[in-house]
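Starting from 1, each residue takes its place in the sequence as its number.
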Amino acid sequence: MQQFFGPAEGLRYVAIFLAILAAVFLAVGAQFQNNEVGKTRTHKSQGLKLRNLKQLFRRPQWLSGLVLTGLAIVLQLGALSLAPLIVVQPIGAIALVITYFLNAKVTKTPLDRASITSIILCTAGIAGFVSMASAVAHENALTDDALRIVLGILLAILVIFGIMHFGSKKAATPMTYIVGAGVLYGFVATLAKVVILRIYSWNFEWLTLLCLIALLAAVSLGGWFVQNAYAKGPPDLVIAGLTVIDVHDPANCVQVGGYDTS
């Protein structure tokens, strides 16, 4: 087992800044895409079709949301390269707060006292957790055997979700799409961190390439699920589900690309 020596501890503050910026871009991108997906779908009870996706690529606001989401991913990867996953990933919950305000403005929904209190508590909780995690979290070594377990689990999930979605004529509920995307994005964050650590360690071989392929597959199916969730529900519901589900690192169960809080 080879120990990883990554960036200096002080760069974690840069990572936190990048993660916050990524959350802002993700929130705005989600709102843009949700606005356009809602106009494209034929019936709210149905999911998106491939022909709907072609229509979306002709809508400037949806494309703007796609670009912002892409920038958010790049910034998130930059943050993951500078700090442990446990420090970076929870910051994405800030996108929920921003999305709530944006959607409230678009739908002209007034903010009541309970909503404002919840937002304050959520923000304070994120800040407290990240502050504690940043002080104690450290990168851990990688093991090929554990990584193979993660890839095997992801392959099974991809097959199951793919059959459930493309093999069924009945559209799923919004929460089904959100849970599916959240689980897949949790693997995406883990595999992205694994690849980054292996590149730092000059350990780029067939298993790393397999991680990249699995990562792209999870991003593709997860992204399709997100668009279907936008077609059936508000953006704050989608972002809330994603941020709650995908902060759980599947690699932590098998000690791959995770972190050490001891």
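- Side-chain atoms of Thr208 and Glu205 form a donor-acceptor pair, as typed in the model, at a separation below 3.5 Å.
- Between Leu215 atom CG and Thr190 atom OG1 the span is 10.0 Å, to the nearest 0.5 Å.
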Going through the distances and angles, do Ile73 and Leu77 end up as a side chain to side chain contact (heavy atoms under 4.5 Å, CB included)? CA-CA 6 Å; Ile73 293 173; Leu77 290 176; 4.2 Å; yes
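- Counting only residues at least two apart or in different chains, ring pair (Phe, Tyr, Trp, His ring centres under 6.0 Å) contacts with residues 67-89 are absent.
- In this structure, CG on Leu158 lies 12.0 Å from CD1 on Ile153, to the nearest 0.5 angstrom.
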Take Leu147 and Arg198 through the test side chain to side chain contact (heavy atoms under 4.5 Å, CB included) and record every step on the way to the result. CA-CA 12 Å; Leu147 182 53; Arg198 283 176 166 255; 3.6 Å; yes
Given Gln55 and Glu36, is the side chain to side chain contact (heavy atoms under 4.5 Å, CB included) satisfied, shown in steps? CA-CA 10 Å; Gln55 295 172 2; Glu36 293 301 320; over 6 Å; no
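- For Thr69, there are no side chain to side chain donor-acceptor pair (under 3.5 Å) partners at least two apart in sequence or on another chain.
- No single ILVMFWY cluster, assembled from side-chain heavy atoms under 4.5 Å apart, contains both Val74 and Leu191.
- Proximity of a side-chain donor or acceptor of Tyr185 to a complementary backbone N or O of Gly223 within less than 3.5 Å is detected.
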Working note: Leu151 + Leu207, criterion side chain to side chain contact (heavy atoms under 4.5 Å, CB included); need CA distance, chi angles, decisive distance, verdict. CA-CA 10 Å; Leu151 289 173; Leu207 192 56; 3.8 Å; yes
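- Between Gly162 and Leu221 the shortest heavy-atom distance is N-CD2, 4.2 Å.
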Mind listing the side-chain donor-acceptor pairs of residues 19-32 below 3.5 Å, one per line with the distance, residues two or more places apart or on another chain?
from	atom 1	to	atom 2	distance (Å)
Gln31	OE1	Asn103	N	3.3
Gln31	NE2	Asn35	OD1	3.0

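- Summarising the geometry of Leu184 relative to Gly222, their closest heavy-atom pair is CD1-N, 3.6 Å, with the distance given to 0.1 Å.
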